Amino acid sequence: MSARVFLELLAREASAVEFEGPILAARTGGADAVTLAELEEAKLTALKVRALLRRRAKREAELSALFDTAGDLAGLRDLDAVLEAIVHRARQLLGTDAAYMTLHDSERGDTWMRVTDGSVSAKFRALRLAMGAGLGGLVAQTATPYSTADYFADGRFRHKTHIDDAVLEEGLVAILGVPLKLGARVIGVLFAANRSVRPFNQDEVVLLGSLAAHAAVAIDNARLLQETRNALEELSEANRQVNAHSQAVERAALAHDRMTGLVLRGGGVEDVAAVVTEVLGGSLAVLDDAGRPITGDAGELDAGVFDAAQSSRALGRTVKKGNLLVASVDVGAEPLCTLVLRADGHVADTDQRILERAALVTALLLLFRRTVAEAEGRVRGELLNDLISRPALDGLAERARRVGVDLDAGHVVVVVRHGGQRERAAFWASSQATLNHGLAAQHGDEVVLLLPGDRPGHLAKRVASELSASLGHPATAGASGPVRGPAEVATAHHEARRCADALLALGRAGEGASPTELGFVGLLVGDGHDIESFLGSVIGPVIDYDARRGTALTRTLTAYFGAGGSLSRTADALHIHVNTVTQRLDRIAQLLGTGWQEPERALEIQLALRLHRLSR
């Protein structure tokens with residue numbers, strides 16, 4: 001009967017205190033000593049069974065938790081998530097205030113705090129443990145579990161000030177540490193810790209050790225998985241680069257074939273530039289040997305771009321300058337052409353080879369064009385020399401027609417004195433002659449052009465301005481014409497030379513003019529002595545005004561100079577009032593413009609007045 005009571009208590013998982021109930025009831029009921037002894041023995045046996053059942057239940061729960069932990073760890077793929085799950089589960093299984101993990105640092109030879117759960121101290125979370133130092137260092141060094149119920153009172157460990165300070169700041173007292181092992185190698189230490197005195201029994205050591213074994217495998221699996229992922233990413237990146245390189249090579253080959261085809265079909269620099277921008281995007285400017293645009297919009301290019309072009313020629317490669325890519329080609333240490341690509345985005349190194357090929361093709365086109373121009377220039381130059389020196393030679397008109405020049409149409413002869421850089425000046429003149437269907441020849445430090453037109457002064461100014469800009473120093477141009485037929489070229493050439501000489505003598509280097517623009521000097525250098533043109537350019541507005549209005553401004557101007565510029569003597573000579581003289585001179589100033597009384601201008605006006613009087 002007594003045994004059944006205790007069995008019922010065991011069956012309903014009664015507390016230990018309730019097992020005293022049957023004994024107290026028997027003692028109260030007056031049971032004898034033998035009965036009480038039997039009950040006491042039965043109670044002790046029942047309590048032993050109860051303790052055994054509780055240990056087995058706890059063990060079952062722990063094994064179940066370990067199984068769940070293993071499943072959870074197996075499902076994790078991220079190393080950080082694996083480590084956090086291990087530490088959190090260790091704290092739960094052992095019911096401690098905190099849990100943490102240190103991992104081995106192979107480079108520094110110590111262990112460092114990797115993950116914590118339940119920690120509140122920043123110093124503790126940043127702790128590093130030397131091998132053999134503190135409880136964790138001892139576990140890592142010996143690969144053996146260690147525990148202490150009271151860390152600061154335990155003399156088995158090498159206490160280090162910085163370790164003890166961190167542990168004290170965290171408030172930990174009881175600590176259990178077990179090694180994380182892969183084979184014979186310790187990769188870290190797993191800890192469970194309490195903030196009060198607590199001994200750790202063997203079952204808890206075994207439990208944390210089992211978790212550490214699972215954790216070590218999970219960590220290694222996560223590491224292997226990460227390495228596999230990294231290897232796959234590297235392989236994928238390598239594959240991408242190979243594909244990109246293959247595409248770039250194919251793109252470069254296609255671009256090269258297209259540019260080669262353009263050359264064979266007679267395409268020009270503009271066509272090559274179009275291929276480059278179609279393949280690479282952005283905008284392309286092609287510069288000549290002097291850095292002037294041949295095609296495309298160069299925009300504002302600073303000195304750095306030309307330095308980049310020089311570097312490109314030295315390296316034989318594309319050079320980057322901000323968002324610009326510069327590829328330049330030289331011949332005989334002299335620049336021939338430069339390609340400047342203003343890219344919309346990043347241009348790969350392999351695609352930059354396309355720009356370099358385009359620069360080479362452009363250089364070949366320019367060399368071919370220069371060779372053709374030089375050959376044609378020699379033909380045109382020899383023809384112009386014959387027109388100047390041997391105008392009576394048969395077949396001159398026919399030779400001109402072969403190069404696209406109609407000598408029966410109006411032409412202007414221009415003589416340009418440039419004082420150096422003969423090759424550049426000759427090339428410029430030859431290009432102008434070809435573009436404008438004219439002729440050009442080099443004579444020492446001067447070039448001679450025969451260009452279509454009937455405005456020699458305007459043409460001389462344009463030639464002087466453009467050649468000066470090309471050479472970088474003044475070029476002075478004299479012009480004569482228009483001429484028609486081979487017979488008139490030699491005379492016009494002689495007059496144009498004298499006009500250029502006159503400009504230099506007057507200190508007007510870098511300007512262009514015909515005899516008409518030189519005023520009375522033009523009467524001296526011109527063979528035609530065109531007095532009407534001279535009068536028209538100097539006092540023509542005054543003469544026309546008198547003719548339209550019936551006024552006497554011309555006679556007033558003559559009297560004014562005759563009176564030495566005196567208003568009163570002018571009025572006396574004309575028998576008019578001084579105010580009338582002043583009004584007439586104001587009208588003359590409006591017609592001739594300011595500065596008409598300056599010495600050089602006044603001299604031309606007086607000469608024109610005298611010629612006008614003589615012609616009448």
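Counting from 1, the numbers follow the sequence of the chain as shown. Because the structure is a prediction, the values reported are computed rather than measured.
Between R313 and T338 the shortest side-chain heavy-atom distance falls below 4.5 Å. Using a 4.5 Å cut-off on side-chain heavy atoms (C-beta onward), V340 and L287 make contact. Residues H493 and V448 meet the side-chain proximity criterion, which asks for heavy atoms closer than 4.5 Å. Proximity of K320 to L325: side-chain heavy atoms (C-beta onward) are separated by under 4.5 Å at one or more points. Proximity of V329 to L360: side-chain heavy atoms (C-beta onward) are separated by under 4.5 Å at one or more points. At a threshold of 4.5 Å between non-hydrogen side-chain atoms, the residues L103 and W112 count as touching.
By the side-chain contact (heavy atoms from CB on, under 4.5 Å) test, L591 is found to be paired with P541, V542, Y545, L553, R587, residues two or more places apart in sequence or in another chain being considered. Considering only residues two or more places apart in sequence or on other chains, N230 meets the side-chain hydrogen bond (donor to acceptor under 3.5 Å, both in side chains) condition with Q226. Not counting sequence neighbours, the partners of E227 by the side-chain contact (heavy atoms from CB on, under 4.5 Å) test are R223, L224. The salt bridge (charged side-chain N to carboxylate O under 4.0 Å, His left out) test applied to E237 returns R240, not counting sequence neighbours. R125 pairs by the salt bridge (charged side-chain N to carboxylate O under 4.0 Å, His left out) definition with nothing, not counting sequence neighbours. Applying the side-chain hydrogen bond (donor to acceptor under 3.5 Å, both in side chains) test to D454 and every residue at least two apart in sequence or in another chain returns nothing. When the side-chain contact (heavy atoms from CB on, under 4.5 Å) test is applied to S468, the partners found at least two apart in sequence or on another chain are A475. Shown here are the salt bridge (charged side-chain N to carboxylate O under 4.0 Å, His left out) partners of R402, two or more places apart in sequence or in another chain: E398. R128 pairs by the salt bridge (charged side-chain N to carboxylate O under 4.0 Å, His left out) definition with D105, D110, not counting sequence neighbours. In this view, A464 and A477 satisfy the side-chain contact (heavy atoms from CB on, under 4.5 Å) rule, not counting sequence neighbours.
Pairing each heavy atom of L459 with each of V412, the nearest pair is CD2-CB, 3.7 Å. Nearest approach of A441 to N385, heavy atoms of both residues: CB-OD1, 3.6 Å. Across all their heavy atoms, A492 and V483 have their closest contact at CB-CG1, 3.4 Å. Nearest heavy atoms, A479 versus A460: CB-CB, 3.6 Å. Taking each heavy atom of W596 and I605 in turn, the nearest pair found is O-CD1, 3.5 Å.
Each side-chain hydrogen bond (donor to acceptor under 3.5 Å, both in side chains) pair with one or both residues in residues 406-417, not counting sequence neighbours, appears once here: R417-E446, R417-D501. Legend: salt bridge (charged side-chain N to carboxylate O under 4.0 Å, His left out) pairs involving residues 466-483, not counting sequence neighbours, sorted by first then second residue: R462-E466.
Other residues, nucleotides and ligands place more than 12 heavy atoms under 6.0 Å from the NZ atom of K461. Within 6.0 Å of atom CD in Q597, more than 12 heavy atoms from other residues, nucleotides or ligands are found, so the atom counts as buried in its surroundings.
Under a 3.5 Å cut-off, the side chain of N436 and the backbone N or O of Q432 do form a donor-acceptor pair. The backbone N or O of H104 lies less than 3.5 Å from no partner atom in the side chain of T111, so there is not a single donor-acceptor pair.
Taken to the nearest 0.5 Å, the OG1 atom of T116 stands 11.5 Å off from the CG atom of L83. With rounding to the nearest 0.5 Å, the separation of CZ in R497 from OG in S480 is 13.5 Å. Between atom CG of residue L339 and atom CD1 of residue I354 there is a gap of 12.5 Å, rounded to the nearest 0.5 Å. Rounded to the nearest 0.5 angstrom, L232 CG and N239 CG are separated by 11.5 Å. Considering CG of L127 and OG1 of T102, their distance stands at 9.0 Å, rounded to 0.5 Å.
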Walk me through whether L324 and L341 qualify under side-chain contact (heavy atoms from CB on, under 4.5 Å). CA-CA 6 Å; L324 301 180; L341 178 68; over 6 Å; no
Dump the intermediate steps for side chain to side chain donor-acceptor pair (under 3.5 Å) on S328 and S312, then the final yes or no. CA-CA 6 Å; S328 189; S312 175; 5.5 Å; no
Please report the C-alpha distance between R357 and V275 in whole Å, then the side-chain angles of each, then the deciding distance to 0.1 Å, and finally whether the side-chain contact (heavy atoms from CB on, under 4.5 Å) criterion is met. CA-CA 11 Å; R357 290 188 179 96; V275 171; over 6 Å; no
Pair L449-L439, side-chain contact (heavy atoms from CB on, under 4.5 Å): steps then yes or no: CA-CA 6 Å; L449 297 105; L439 303 176; over 6 Å; no
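Residue L450 is tested with V414, L407, I388 for a side chain to side chain contact (heavy atoms under 4.5 Å, CB included); the sole match is L407.
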